[in-house]
**Q** 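First, the structure itself, so that you have it in front of you.
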Amino acid sequence: MSTNVLRTPDGWWAVRDERAVRIETKAVTTAELIADRDAVRDAGASDDSGTPVADLVALPPVTTPCRVVAQMVNYRSHAKDSGFTGDIPPTFFRKASGSVSGPHETIVRPAHVKFLDYEVELGLVMGAPLPVGTVVEEQDLPRYVAGLVLTNDVSARDVQLTKTQFYESKSYPTFTPTGPYLALLEPEDFARLIDLRLRLSVNGVPRQDRTLADMIVRPAQALTLLARFQTLDAGDLLLTGTPGGTALKAPPKPAEKIAALLPPALKWKAFFKGQAKNPRYLQNGDLVTATIATPDGRIDLGEQRTAVADAT
């Protein structure tokens, strides 16, 4: 059975139902906590009545600095929204570790960003080094992945598209809300990953809702492909893509063909003029709510509630 761990300014807590028991550990980083699994198990088995979870301030359960790597267009529904047809080559990009923020921390939209988007994603937290050249089979996942977190790959679309710059557009502070829980999995839990359901709403209106069955490249294959060129260490974070339902969608094919004939400056001017009529982009005062869980609650990564505010 997975164990949900909560991080607060006072330390680490094992969550049992609606209460949390302090983990007696000297761990400061996520990697150190993962190495101290005995302390986590002892806390989870404690008879102490614990502290109400609602009374604790949740920080990002993945401590920084850490590597943050993400997969691009990894759900069939997202590929359809993005206008992709045929085979989609697996693609990775990096996010700055400083973009990681808490599960209830405000998402701050920089003054120059007009088209701010959301992407609920399942995050894999590494539990052991993944050297270059590693081949990961499904049965190997417990060896390399310690647990899961709920993340939101917030994206400045006007930066991403005009500059073809993923790193900048997704790396501003608060652009990776993470948590509230780090779900440390037992080996038998990994068979349930396919049942995880990702949901995101804005101001109570559902926007994204898919299970991992919609995923194109699943975790074991993704780690194998990533290990062709990238080393990961314990505590590092891999975001595994988002389902369809984001604000950004590809224009109709006729409009896309016409735009391709225009000079870049005119093409983007026309594109964003159309996007300005799209009410789904995040605005000052919006509230984003996200969850990831199996239907039976065996794996439940908790709920994020993140307000959106313009930079001041």
**Q** Determine, for Lys114 against Asp158, whether the closest basic-nitrogen to carboxylate-oxygen distance falls under 4.0 angstrom.
**A** no
**Q** If only side-chain N and O atoms count, and only distance matters, is there a donor-acceptor pair under 3.5 Å linking Tyr75 with Arg210?
**A** no
**Q** Taking all non-hydrogen atoms of both residues, which atom of Val135 and which atom of Asp140 are closest, and how far apart?
**A** O-OD2, 3.9 Å
**Q** Do the ring planes of Phe115 and Tyr281 sit parallel (below 30°), tilted (30 to 60°) or perpendicular (above 60°)?
**A** perpendicular
**Q** Please report the interatomic distance CE(Met215) to CG(Asn74), rounded to the nearest 0.5 Å.
**A** 5.5 Å
**Q** To the nearest 0.5 Å, what is the distance between CG on Leu130 and CZ on Arg67?
**A** 10.0 Å
**Q** Does the pair Lys163/Glu168 count as a salt bridge with the N-to-O cut at 4.0 Å?
**A** yes
**Q** Distance alone, cut at 3.5 Å: any donor-acceptor contact between the side chains of Ser101 and Thr174?
**A** no
**Q** Kindly give the heavy-atom pair with the smallest separation between Pro61 and Val149, and that separation in Å.
**A** CG-CG1, 3.8 Å
**Q** How long is the straight-line distance from CD1 of Ile107 back to CG of Asn152, given to the nearest 0.5 Å?
**A** 5.0 Å
**Q** Return yes when atom CG of Asp87 has more than 12 non-hydrogen atoms of other residues, nucleotides or ligands closer than 6.0 Å, and no otherwise.
**A** no
**Q** Side chains of Thr25 and Trp12: is there a donor and an acceptor less than 3.5 Å apart?
**A** no
**Q** Taking atom types as modelled, is there a side-chain donor on Thr294 or Asp195 under 3.5 Å from an acceptor on the other?
**A** no
**Q** Going by salt bridge (Lys or Arg N to Asp or Glu O under 4.0 Å), name the residues that satisfy it together with Asp286, two or more places apart in sequence or in a different chain.
**A** none
**Q** Scan Thr134, Val217, Val69 and name whichever one has a side chain to side chain contact (heavy atoms under 4.5 Å, CB included) with Leu226.
**A** Val69
**Q** Could you tell me the separation between the CZ atom of Arg280 and the CG atom of Leu282, rounded to the nearest 0.5 Å?
**A** 10.5 Å
**Q** Mind checking whether Asn4 and Leu6 have side chains closer than 4.5 Å, heavy atoms only?
**A** no
**Q** I need the minimum non-hydrogen distance between Glu303 and Pro180, along with the two atoms involved.
**A** O-CD, 3.5 Å
**Q** Do Leu185 and Val136 sit in one hydrophobic cluster, given that two such residues count as connected whenever their side-chain heavy atoms are within less than 4.5 Å of each other, even indirectly?
**A** yes
**Q** Looking only at heavy atoms, which two atoms of Lys95 and Phe175 are closest? And how far apart?
**A** NZ-O, 2.8 Å
**Q** How close do Asn203 and Gly285 get, counting heavy atoms only, and between which atoms?
**A** OD1-O, 4.3 Å
**Q** Using distance alone, with no hydrogens and no angle criterion, decide if Arg218 and Gln221 have a side-chain donor and acceptor under 3.5 Å apart.
**A** no
**Q** Count the heavy atoms belonging to other residues, nucleotides or ligands that lie under 6.0 Å from CG of Asp55, then report whether that count exceeds 12.
**A** yes
**Q** Check this for me: does any side-chain nitrogen of one of Asp189 and Arg192 sit under 4.0 Å from a carboxylate oxygen of the other?
**A** no
**Q** Does a donor on one side chain sit under 3.5 Å from an acceptor on the other, for Thr178 and Thr151?
**A** no
**Q** Quick check: do Gln275 and Leu248 have side-chain heavy atoms less than 4.5 Å from each other?
**A** yes
**Q** Roughly how far, to the nearest 0.5 Å, is CZ of Arg197 from CG of Asp214?
**A** 12.0 Å
**Q** What are the two closest non-hydrogen atoms of Val120 and Leu198, and how far apart are they?
**A** O-CD2, 3.8 Å
**Q** Do you see a donor-acceptor pair shorter than 3.5 Å between the side chains of Thr306 and Glu105?
**A** no
**Q** Looking at side-chain heavy atoms only, is the closest gap between Leu59 and Pro9 below 4.5 Å?
**A** yes
**Q** A side-chain contact here means heavy atoms from C-beta on lying under 4.5 Å apart; do Ile88 and Ile216 qualify?
**A** yes
